[in-house]
Number of protein chains: 2
Amino acid sequence: MFTGLSAFPLTPLVDDTVDLPAFERLVGGLDVAGVDSITALGSTGSYLYLDRDERRLVARAAVESAGATPVMVGIGALRTSQVQRLADDAQEAGAAAVLLAPVSYQPLTGDDVLGLYTDVTAGLSVPLVVYDNPGTTRFTFTDELYARIAALPNVASIKIPPVPADPADAAAHVQRIRALLPEHVTIGVSGDAAAVTGLEAGCDAWYSVIGGLLPEPALAITRGALAGDPAGHEAAAAASARLEPLWQLFREHGSLRVTAALAEHLGLATVPSLPLPLRGLDAAGRARVATFAEMLDADSELATT
Amino acid sequence: MFTGLSAFPLTPLVDDTVDLPAFERLVGGLDVAGVDSITALGSTGSYLYLDRDERRLVARAAVESAGATPVMVGIGALRTSQVQRLADDAQEAGAAAVLLAPVSYQPLTGDDVLGLYTDVTAGLSVPLVVYDNPGTTRFTFTDELYARIAALPNVASIKIPPVPADPADAAAHVQRIRALLPEHVTIGVSGDAAAVTGLEAGCDAWYSVIGGLLPEPALAITRGALAGDPAGHEAAAAASARLEPLWQLFREHGSLRVTAALAEHLGLATVPSLPLPLRGLDAAGRARVATFAEMLDADSELATT
């Protein structure tokens, strides 16, 4: 479950409530596509914008719609006791694992974060993925903190920020983190544009935004990059290069807004599907998303004829 | 209400629930001391760590314990609809005004923030204070955004981050902001160590952390700095200088952790009073807080003998 492609679906809203049918369609599609795991209520799933009842509903719907694919559920919240309640809810819903980022309002110290993971892992009966996402949490893990948290019971994987772009630097970076962790703890890369480099640098998993909406190209990237041979590398690099217009939009607008606009364009979510105050892309951004979708469509028609 | 000293009390917890008697004692003390307004559920009041029921309870307790002193209530939340519900709750509780920071998980754009304030102010029947607190929200207001938000209905004041340390720079800074705002919108300084400089630079109010726990020295600073004469300046500067050990601790540990430790030391809150994962000060920090409290105590005995 902590290797290969973990797909992070959106949680689309309609009229400021969770669009459960749309969510279930997304999750069902990921199961059919054959992703290795599904992570509901990640950053892409807008977890921190939803209240406890909504998150319980989404966690249940994810498990029910995922078939045999294991489901991880994000449990991040500002207060430790809230995280513990969300962990209980996720486990009751049938989550195979949970995902936890050190969310903050007041800047957190290393001791705060260690205490959070210590308190939460002590009460778990499923594995936990440590979610290092400085772009949203603004918390920076030190090597020492990685090592101390990875040694806690039930910690199974660490979702790291994008690796350096240079392959040799990336390999050294992953090797350095690997040396800090017990053998059973896997490393997953995030930052979709860095997926090929991250997997080829030794990451075990790709915690993927776009994998939650376009699982086929994400699987092509994952399988190719993990093959460990030149043909695999070529296939992964080509699949990632085709998504370059999307990566460029991610750099400009963040992956969530772009992925939501693409889901809306594809008819998989209703406009607007993001929780306000987050506004979707403007008209120019949406036009670029539409152009990308047409290109993708033309490519797959070529591939099947 | 949007001038003078607005005191921000802590919301102490005990066993992970709101310690209402302790909170009511704090608020009652502020009323007796004669602060100009009380802002419950500011950053110092840990608003974002509390759920809706807890915040409703705290808002009601604040209004009930504040006597004739007007009460403002913080209504920040991640999702616009949550903010709107909290605004309703605050108004039902009897809040004379509300305070709103653009809290984020996904980084917000200027359009997101303008939309948030537009949507929220449209439904208010009390005034709103714009809470510019980049240390916790990581959002930076532009001058243009200040101007557009200040022109919205019901906007009464802007709580700005610390002003520059140099008096001339501070005056120019406040003057520049003042020129962007309608005449009825006041400017309040935050960052307690900058209070004297901010008020003397032309701010109308001090939105004060320490004013929520030690209202007397905060009132001495406010009254002196707003007097606009040399004697007032001397008194304000001397009162602020006496608190320098506290300002130094604020710089090192953040104002919330230090103020909570001081409240705990003074027996006004039970250890630990902060919501986990926030850990209180370590032993060395607490020792410095205790030394400061003894100094303060000795000073006030001198003053009354």
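Here is how names work: the chains are called A, B, and so on, in the same order as the sequence lines, proteins then strands, and each is numbered from 1. Values below: all heavy atoms of this structure, side chains included; hydrogens, waters and symmetry mates excluded. Given the structure is predicted, the values throughout are model-derived calculations rather than measurements.
Comparing A/Pro102, A/Gly135, A/Gly115, A/Ala77 by how many heavy-atom pairs each has under 4.5 Å with chain B, the most go to A/Gly115. Interface remark: of the candidates A/Leu108, A/Asp51, A/Leu276, A/Leu276 forms the most heavy-atom pairs closer than 4.5 Å to chain B. The candidate with the highest count of non-hydrogen atom pairs below 4.5 Å against chain A, out of B/Pro107, B/Gly254, B/Pro275, is B/Pro107. Ranked by non-hydrogen atom pairs under 4.5 Å with chain A, the options B/Leu50, B/Asp16, B/Leu116, B/Val103 are led by B/Asp16.
The heavy-atom pair separating B/Gly212 from B/Leu26 by the smallest distance is O-CD2, 4.3 Å. Annotation for A/Ala290 and A/His265: closest pair CB-CE1, 3.4 Å, computed over non-hydrogen atoms. Across all non-hydrogen atoms, the minimal contact from B/Thr121 to B/Asn154 is O-ND2, 3.1 Å.
The contact between A/Leu256 and chain B is made entirely by side chain atoms (from C-beta outward), counting heavy-atom distances below 4.5 Å. Using a 4.5 Å cut-off between heavy atoms, B/Ser46 makes no contact with chain A at all. For A/Tyr47, the part lying under 4.5 angstrom from a heavy atom of chain B is the side chain only. Contact annotation for A/Arg52: neither backbone nor side-chain heavy atoms come within less than 4.5 Å of a heavy atom of chain B. Contacts between A/Asp282 and chain B at a heavy-atom distance below 4.5 Å are absent for every atom of the residue. Neither the backbone nor the side chain of A/Leu274 has a heavy atom closer than 4.5 Å to any heavy atom of chain B.
Atom CZ of A/Arg60 sits in a sparse spot, with 12 or fewer heavy atoms from other residues, nucleotides or ligands closer than 6.0 Å. Around CZ of A/Arg148, the count of heavy atoms belonging to other residues, nucleotides or ligands within 6.0 Å does not exceed 12.
By the 4.0 Å N-to-carboxylate-O rule, A/Arg85 lies too far from A/Asp88 to be salt-bridged with it.
In the model, B/Asp192 has no side-chain atom that pairs as donor or acceptor with a side-chain atom of B/Ser255 under 3.5 Å.
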